[in-house]
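Shown next, in structure tokens, is the structure this report addresses.
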2 protein chains.
Amino acid sequence: MKVTFTLSRRNPAEPKLPKNYRLIYDIVEQSGLGRHLTPAQIYTKALKRRPGIGFSTVYRGLERLRDLGLVSELHVPGAEAATYEPIGPKHAHFRCRDCGAIEDVPYAVPSRTLKALAAEHGFTIDSERVTFEGRCADCAVT
Amino acid sequence: MKVTFTLSRRNPAEPKLPKNYRLIYDIVEQSGLGRHLTPAQIYTKALKRRPGIGFSTVYRGLERLRDLGLVSELHVPGAEAATYEPIGPKHAHFRCRDCGAIEDVPYAVPSRTLKALAAEHGFTIDSERVTFEGRCADCAVT
DNA sequence: GAAACGCGTGAAAGTGACTTTCACTCTCAG
DNA sequence: CTGAGAGTGAAAGTCACTTTCACGCGTTTC
């Protein structure tokens, strides 16, 4: 799945993404949907492809990519670090309280509901985050 | 482990909960529904009522109260620290990306949906967290 | 009562995820 | 070629939170 060139095709006039940032983008993208990488994991993978790359570069890259809307940042309560995933269809997350595994869950708050809430409270809603917690199939057995 | 605390609000005259934990509970409780206090804020309030109380005691107390299900812990992406609120009806949270204010929002994932998701994926769901992000009424004007 | 026990306590040090700083390097328009 | 600005890596800093530990207070057990 070569999405990598859509980036430049989408807006060729846009300033080129620095190659390290591009590398980080590729790593997250290639992790695939449903995978959730921590900055440390991304750094490890990046090191193999570009020895000498710094930790701070990875953080900076993730920050930039997040701001550009190219990757999605995810904070899950109970998880020690943030995780990053490719942009995909809206979904919720499930975290197992025992093993800490994070799974994608196909759920989104109905847009009708969002509109109603926004109208009622007088705010605008840009994004939503839904996280479930419980015990995953594997841990439930024990 | 014997649970010696009966913390029913109907009988506050029987505080078997260590007094510092009770103090912390009272502070969160008195903050009222819809308020969200950080440990630092709670510590400040606690200091006024019981000079000399330690930071660690506040953290320990919150941890205990959370485990006992007496207060609710809330991690909001973008907010630097966790916040605590009294136990109340299930609701979602809204955070303004500009001023950082956190508001309660009356929304909960339908229990029918929860059951369906749990059955489909083979996990059990103990809790859910829904957070919206956007611009609040005040900040939208500017 | 007195001794024994255990939970609660506060200060301080530790941890770990991120962030900032800074001197250096690379890139590229002019 | 050249200079300005963006990017970079190492290291130090920040900050929320956790752990440790010696002490103390209250309760239990003679």
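Keep in mind that what you see is a predicted model, and the values were worked out from it rather than measured. Chain letters run A, B, ... following the sequence lines, proteins first and then strands; every chain starts at 1.
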> What is the nucleic acid contact for B:Phe55, judged by heavy atoms within less than 4.0 Å: base, sugar-phosphate only, or nothing?
Replying inline: nothing
> Can B:Ile27 be reached from B:Leu33 by stepping across I, L, V, M, F, W or Y side chains whose heavy atoms are under 4.5 Å apart?
Replying inline: no
Expressed in angstrom and rounded to an integer, what is the separation of [X] atom [atom1] from [N] atom [atom2]?
{"X": "B:Ile53", "N": "C:dA12", "atom1": "CD1", "atom2": "P", "value": "16 Å"}
{"X": "B:Tyr43", "N": "D:dC15", "atom1": "OH", "atom2": "P", "value": "17 Å"}
{"X": "A:Leu65", "N": "D:dG7", "atom1": "CG", "atom2": "C1'", "value": "14 Å"}
{"X": "A:Leu62", "N": "D:dT8", "atom1": "CG", "atom2": "P", "value": "13 Å"}
{"X": "B:Lys19", "N": "C:dG10", "atom1": "NZ", "atom2": "C1'", "value": "13 Å"}
{"X": "A:Arg64", "N": "C:dT19", "atom1": "CZ", "atom2": "P", "value": "15 Å"}
{"X": "A:Leu68", "N": "D:dA6", "atom1": "CG", "atom2": "P", "value": "15 Å"}
{"X": "A:Leu17", "N": "D:dT8", "atom1": "CG", "atom2": "C1'", "value": "15 Å"}

Hey, can you pull the donor-acceptor pairs under 3.5 Å for the side chains in residues 69-79 of chain A, sequence neighbours left out?
from	atom 1	to	atom 2	distance (Å)
A:Glu73	OE1	A:Arg66	NE	3.2
A:Glu73	OE2	A:Arg66	NH2	3.4
A:Glu73	OE2	A:Tyr84	OH	2.8

> How many angstroms lie between atom CD1 of B:Ile87 and atom CG of B:Leu65, to the nearest 0.5 angstrom?
Replying inline: 10.0 Å
> SG of B:Cys136 to CD1 of B:Ile102: how many Å apart, nearest 0.5 Å?
Replying inline: 12.0 Å
> Which residues in residues 71-84 of chain A have at least one heavy atom lying under 4.0 Å from any atom of DNA chain C?
Replying inline: A:Glu80, A:Ala81, A:Ala82
Hey, are the side chains of [X] and [Y] touching, using non-hydrogen atoms and a 4.5 Å cut-off?
{"X": "B:Glu133", "Y": "A:Glu128", "answer": "no"}
{"X": "A:Glu85", "Y": "A:His93", "answer": "yes"}
{"X": "B:Cys99", "Y": "B:Asp138", "answer": "no"}

Extract all donor-acceptor atom pairs below 3.5 Å that involve side chains of residues 42-59 of chain A and protein atoms in other chains or at least two apart in sequence.
from	atom 1	to	atom 2	distance (Å)
A:Thr44	OG1	A:Ala40	O	2.9
A:Arg49	NH2	A:Gln30	OE1	2.9
A:Arg50	NE	A:Asn20	OD1	2.8

>> On the nucleotide C:dT9, are OP1 or OP2 found under 4.0 Å from the side-chain N or O atoms that B:Asn20 carries?
In response: yes
> Hey, is the side chain of A:Thr57 poking within less than 4.0 Å of OP1 or OP2 on D:dG9, counting only N and O atoms?
Replying inline: yes
> For the side chain of B:Tyr59, counting heavy atoms from C-beta on, which of D:dT18, C:dT9, D:dG7 is nearest?
Replying inline: D:dT18
> Any idea which of C:dT21, C:dT9, C:dA12 is nearest the A:Arg60 side chain?
Replying inline: C:dT21
> Got a sec, which hydrophobics cluster with A:Leu117, joining ILVMFWY side chains under 4.5 Å apart, including via others?
Replying inline: A:Phe94, A:Val105, A:Tyr107, A:Val109, A:Leu114, A:Phe123, A:Ile125, A:Val130, A:Phe132, B:Phe94, B:Val105, B:Tyr107, B:Val109, B:Leu114, B:Leu117, B:Phe123, B:Ile125, B:Val130, B:Phe132
>> With a 3.5 Å cut-off and heavy atoms only, can you find an N or O donor on one side and an acceptor on the other between the side chain of A:Thr38 and the base of C:dA17?
In response: no
>> According to side chain to side chain donor-acceptor pair (under 3.5 Å), does anything in residues 108-119 of chain B pair up with another residue at least two apart or in another chain? List the pairs.
In response: none
>> Quick check: on DNA chain D, is the nucleotide nearest A:Ser56 upstream (toward 5') of the one nearest B:Arg66, or the reverse? Name the residue that is more 5'.
In response: A:Ser56
>> Contact list please: residues 45-52 of chain A against DNA chain D, heavy atoms, distance less than 4.0 Å, in numerical order.
In response: A:Gly52
